[in-house]
Asks: 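Right, I'll just put the structure down here and ask away after.
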Amino acid sequence: MTMAIKRAYIFLGPPGAGKGTQAKRIAKLCGVPHLSTGDMMRDAVARGTDLGKIVGPIMQRGELVSDDLVMKMVDQRLAQPDCSRGCLFDGFPRTLPQAEGLDAILQRLGFGKPVVVDLAVSDDKLLRRLTGRRTCSVGGEIYNVYDLPPKVAGICDHDGGKLVQRADDTAEIVGQRLAAYEKATKPLTEYYRSQGVLHVVDASLSMDEVSRALGEIVKRAEG
Ligand code: AP5
């Protein structure tokens with residue numbers, strides 16, 4: 001599917017809602033890059049950059065990284081040529097200043113109105129999803145030891161990479177991440193609803209059912 005208007009898709013939702021899982025599928029469907037601020041920062045931590053040294057301990061505590069750092073990172077990423085036809089944000093924006101900052105950037109770069117989807121899931125499902133998550137250390141493929149296990153334990157089906165558990169996926173840090181979501185990010189649903197651009201998807205359904213619902217939203221948006 002090719003996008004006629006330069007458009008940003010934004011996936012909101014609590015930790016473990018399935019933003020990353022669905023963003024990989026839907027970005028492919030739309031032919032736009034998947035921009036995960038969490039992945040960008042984990043990459044900076046793994047490479048030991050100056051940014052990584054600052055954000056690593058913050059992420060490890062399950063707190064939010066400062067708006068200034070996040071906005072600078074996103075602004076630089078959006079200037080890359082692969083974003084010329086649009087992009088899909090996963091885990092960004094996460095605060096009101098980030099949402100307002102993004103509005104200004106999108107306007108400056110000539111994007112149309114964003115399409116925002118809230119992936120809604122009850123808290124009781126999230127802990128199981130997060131503590132069961134394993135991610136491929138090579139290609140980033142996402143698994144779940146309970147609901148989406150690899151064929152061979154600990155090994156990625158696609159590229160044979162080692163599956164690892166994220167450092168912030170412990171029960172204690174998940175609690176902190178959920179609290180940060182409730183306080184800073186949940187209010188964004190009202191922000192985008194008042195702009196008339198919010199869609200809500202029941203993300204407690206199966207991965208394929210959620211993908212189908214998202215595919216319908218994309219189809220309607222692209223006309
Ligand atoms: P980030 O990496 O963005 O993490 P998050 O928002 O906490 O979200 P997750 O990646 O944990 O969950 P997800 O919704 O992507 O779920 P997934 O698809 O993997 O952020 C990490 C940290 O970085 C933050 O805490 C903060 O410190 C910092 N940060 C990042 N962005 C920031 C920003 N903008 N501002 C400030 N700080 C920022 O799925 C989870 C599991 O569930 C998987 O195992 C999957 O297989 C399974 N699953 C998915 N869908 C389903 C389904 N439908 N049914 C059953 N299982 C499912």
Side-chain angles (χ1 to χ4, degrees), residues 10-27 34-46 51-52 54-75 77 88-99 101-102 117-136 140-150 156-157 163-170 173-186 188 201-214:
I10 296 172
F11 285 1
L12 298 176
K19 301 182 295 296
T21 300
Q22 298 298 336
K24 286 179 199 298
R25 296 180 179 190
I26 302 300
H34 164 205
L35 307 189
S36 157
T37 44
D39 285 350
M40 290 181 213
M41 290 192 272
R42 275 185 291 278
D43 180 57
V45 173
L51 174 70
I54 299 171
V55 303
I58 301 171
M59 295 171 80
Q60 178 64 59
R61 291 196 298 271
E63 295 167 8
L64 292 185
V65 171
S66 77
D67 292 334
D68 285 357
L69 282 178
V70 175
M71 292 312 299
K72 203 166 143 198
M73 198 176 69
V74 169
D75 209 1
R77 183 63 186 85
L88 195 161
F89 287 111
D90 150 18
F92 172 85
R94 252 176 154 100
T95 65
L96 198 53
Q98 288 182 18
L102 178 63
V117 184
D118 181 31
L119 297 173
V121 194
S122 58
D123 278 6
D124 54 322
K125 297 219 175 201
L126 298 176
L127 190 62
R128 176 185 164 97
R129 287 190 184 183
L130 290 167
T131 54
R133 172 168 54 192
R134 300 292 182 274
T135 310
C136 175
E141 194 71 21
I142 302 168
Y143 294 87
N144 192 284
V145 295
Y146 307 116
D147 300 317
L148 190 65
C156 178
D157 296 346
L163 302 188
V164 293
Q165 185 166 24
R166 258 171 56 177
D168 59 351
D169 274 349
T170 61
I173 305 298
V174 165
Q176 179 59 44
R177 288 163 59 201
L178 286 171
Y181 166 78
E182 284 294 324
K183 186 166 172 226
T185 311
K186 208 171 177 183
L188 293 188
V201 163
D202 179 359
S204 62
L205 298 173
S206 75
M207 291 177 213
D208 287 345
E209 286 171 307
V210 176
S211 296
R212 261 196 296 281
L214 291 169

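Atoms within a ligand are numbered from 1 in the order they appear, just like the ligands themselves. Sequence positions, counted from 1, serve as the residue numbers for this chain. From a predicted model like this one, the values you see are computed outputs, not experimental measurements.
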Asks: Hey, does Arg61 sit under 4.0 Å from ligand 1 if you only count heavy atoms?
Replies: no
Asks: Heavy-atom distances under 4.0 Å are what count here, so tell me which part of Leu205 touches ligand 1: side chain, backbone, both or neither.
Replies: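 Looking at Leu205 and ligand 1, just backbone atoms fall under 4.0 Å.
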Asks: If you look at every heavy atom in Pro15 and Tyr181, which pair is closest and at what distance?
Replies: CD-CB, 3.9 Å
Asks: If you measure every N or O of Asp169 against every N or O of ligand 1, does any of those distances drop under 3.5 Å?
Replies: no
Asks: For atom 37 (N) of ligand 1, what's the nearest protein heavy atom and its distance?
Replies: Val65 N, 3.0 Å
Asks: What protein heavy atom lies closest to atom 47 (C) of ligand 1? Include the residue and the distance to one decimal.
Replies: Asn144 ND2, 4.0 Å
Asks: Show the atoms of ligand 1 that are less than 4.0 angstrom away from any heavy atom in Tyr143.
Replies: 43 (C), 44 (O), 46 (O)
Asks: Need the ligand 1 atom indices (1-based, order shown) with element for anything under 4.0 Å from a heavy-atom of Gly20.
Replies: 13 (P), 15 (O), 18 (O)
Asks: Count the heavy atoms of every other residue, nucleotide or ligand shown that sit under 6.0 Å from NZ of Lys125, and state whether that count exceeds 12.
Replies: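 No, not enclosed.
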Asks: Of the side chain and backbone of Arg134, name the one, both, or neither that has a heavy atom under 4.0 Å from an atom of ligand 1.
Replies: neither
Asks: Would you mind checking which non-hydrogen protein atom is closest to atom 39 (O) of ligand 1, with the distance to 0.1 Å?
Replies: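 Result: Thr21 OG1, 3.7 Å.
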Asks: Of all heavy-atom pairs between Ser204 and Arg129, which one has the smallest distance, and what is that distance?
Replies: CA-NH2, 3.7 Å
Asks: Locate the shortest heavy-atom distance separating Val70 from Met41; write the atom from each residue and the value.
Replies: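 Heavy atoms of Val70 and Met41 come nearest at CG2-CE, 4.4 Å.
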Asks: Counting heavy atoms only, which of Ser36, Gly13, Gly16 comes nearest to atom 12 (O) of ligand 1?
Replies: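 Among Ser36, Gly13, Gly16, the closest heavy atom to atom 12 (O) of ligand 1 belongs to Gly16.
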Asks: May I ask whether Ala17 has any heavy atom positioned less than 4.0 angstrom from an atom of ligand 1?
Replies: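 Checking ligand 1 against Ala17, which is what was asked, there is a heavy-atom contact under 4.0 Å.
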Asks: Heavy atoms only: give me the nearest Thr95-Asp67 pair and the separation to one decimal.
Replies: OG1-OD1, 2.9 Å
Asks: Under 4.0 Å between a side-chain nitrogen and a carboxylate oxygen: does that hold for Lys72 and Asp75?
Replies: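 Result for this pair is no, no salt bridge flagged.
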Asks: Counting heavy atoms only, which of Lys19, Arg166, Arg133 is nearest atom 19 (O) of ligand 1?
Replies: Arg133
Asks: Can you pull out the closest protein heavy atom to atom 31 (N) of ligand 1? Residue, atom name and distance to 0.1 Å, please.
Replies: Thr37 OG1, 2.8 Å
Asks: Given Met40, Glu141, Met207, which has its nearest heavy atom closest to atom 57 (C) of ligand 1?
Replies: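 Among Met40, Glu141, Met207, the closest heavy atom to atom 57 (C) of ligand 1 belongs to Met207.
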Asks: Provide, to 0.1 Å, the distance between atom 7 (O) of ligand 1 and the closest protein heavy atom, together with that atom's residue and name.
Replies: Arg177 NH2, 2.7 Å
Asks: With distance as the sole test, does Gln165 use its side chain to make a donor-acceptor pair with the main-chain N or O of Thr131 at under 3.5 Å?
Replies: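 Such a contact is found between Gln165 side chain and Thr131 backbone.
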Asks: Decide yes or no on side chain to side chain donor-acceptor pair (under 3.5 Å) for Thr135 and Glu141, but give the supporting numbers first.
Replies: CA-CA 6 Å; Thr135 310; Glu141 194 71 21; over 6 Å; no
Asks: Salt bridge or not for Arg128 and Asp147, using N-O below 4.0 Å?
Replies: yes
Asks: Please confirm whether Ala23 comes under 4.0 Å of ligand 1, counting heavy atoms of the residue only.
Replies: no
Asks: Atom 23 (O) of ligand 1: which protein heavy atom is closest, and how many Å away?
Replies: Met59 CE, 3.2 Å
Asks: Please determine if Pro15 has a nitrogen or oxygen closer than 3.5 Å to a nitrogen or oxygen of ligand 1.
Replies: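 No.
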Asks: Has Lys19 got a side-chain atom pairing as donor or acceptor with Gly13's backbone, closer than 3.5 angstrom?
Replies: yes
Asks: Is Glu209 reaching over with its side chain to a backbone N or O of Ser206, donor-acceptor style, under 3.5 angstrom?
Replies: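 Side chain of Glu209 to backbone of Ser206, a donor-acceptor pair under 3.5 Å: yes, one is there.
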Asks: Which atoms form the tightest heavy-atom contact between Pro14 and Leu178, and what is the distance?
Replies: CB-CD2, 4.3 Å
Asks: Backbone, side chain, both or neither: what part of Tyr181 comes under 4.0 angstrom of ligand 1, heavy atoms only?
Replies: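 Answer for Tyr181: neither.
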Asks: Report yes if some N/O of Val210 lies less than 3.5 Å from some N/O of ligand 1; otherwise report no.
Replies: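 Such a contact does not occur with ligand 1.
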Asks: Any Lys/Arg nitrogen of Asp169 or Arg177 sitting under 4.0 Å from an Asp/Glu carboxylate oxygen of the other?
Replies: yes
Asks: Below 3.5 angstrom, do we get any N/O pair linking Gly18 and ligand 1?
Replies: yes
Asks: Consider every N or O of Gly91 and every N or O of ligand 1, then say whether any pair is closer than 3.5 Å.
Replies: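 Among all N and O atoms of Gly91, at least one is under 3.5 Å from an N or O of ligand 1.
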Asks: Where do Ala23 and Asp90 come nearest, in terms of heavy atoms and distance?
Replies: CB-CB, 4.0 Å
Asks: Identify, by atom number and element, the atoms of ligand 1 in contact range of Gln98, meaning under 4.0 Å from any of its heavy atoms.
Replies: 33 (C), 34 (N), 35 (N), 36 (C)
Asks: So which bit of Arg42 gets within less than 4.0 Å of ligand 1, heavy atoms only: side chain, backbone, both or neither?
Replies: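 Under 4.0 Å from ligand 1, Arg42 contributes side-chain atoms alone.
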Asks: Apply side-chain contact (heavy atoms from CB on, under 4.5 Å) to Gln176 and Arg61, showing your working.
Replies: CA-CA 7 Å; Gln176 179 59 44; Arg61 291 196 298 271; 5.6 Å; no
Asks: Does this structure show an ion pair linking Arg25 with Asp208, if we count only N-O contacts that are shorter than 4.0 Å?
Replies: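 Here Arg25 pairs with Asp208 in a salt bridge, since their nearest N and O are under 4.0 Å apart.
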Asks: Using heavy-atom distances, let me know which of Arg94, Gln22, Met41 sits nearest atom 1 (P) of ligand 1.
Replies: Arg94
Asks: Within the side chain of Gln22, is there an N or O that forms a donor-acceptor pair under 3.5 Å with the backbone of Leu214?
Replies: no
Asks: Can you name the atoms of ligand 1, numbered from 1 with element, that are less than 4.0 Å from a heavy atom of Pro14?
Replies: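 It comes down to these atoms of ligand 1: 14 (O).
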Asks: I'd like to check which ligand 1 atoms, numbered from 1 as shown, lie under 4.0 Å from a non-hydrogen atom of Leu130.
Replies: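 With Leu130 as reference, the close atoms of ligand 1 come out as 11 (O).
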Asks: What's the shortest distance from atom 41 (C) of ligand 1 to any protein heavy atom, and which residue and atom give it?
Replies: Arg129 O, 3.3 Å
Asks: Tell me the protein heavy atom at minimum distance from atom 27 (O) of ligand 1, and give that distance in Å.
Replies: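 It is Glu63 O, 2.5 Å.
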Asks: Within less than 4.0 angstrom of ligand 1, does Gly132 place any heavy atom?
Replies: no
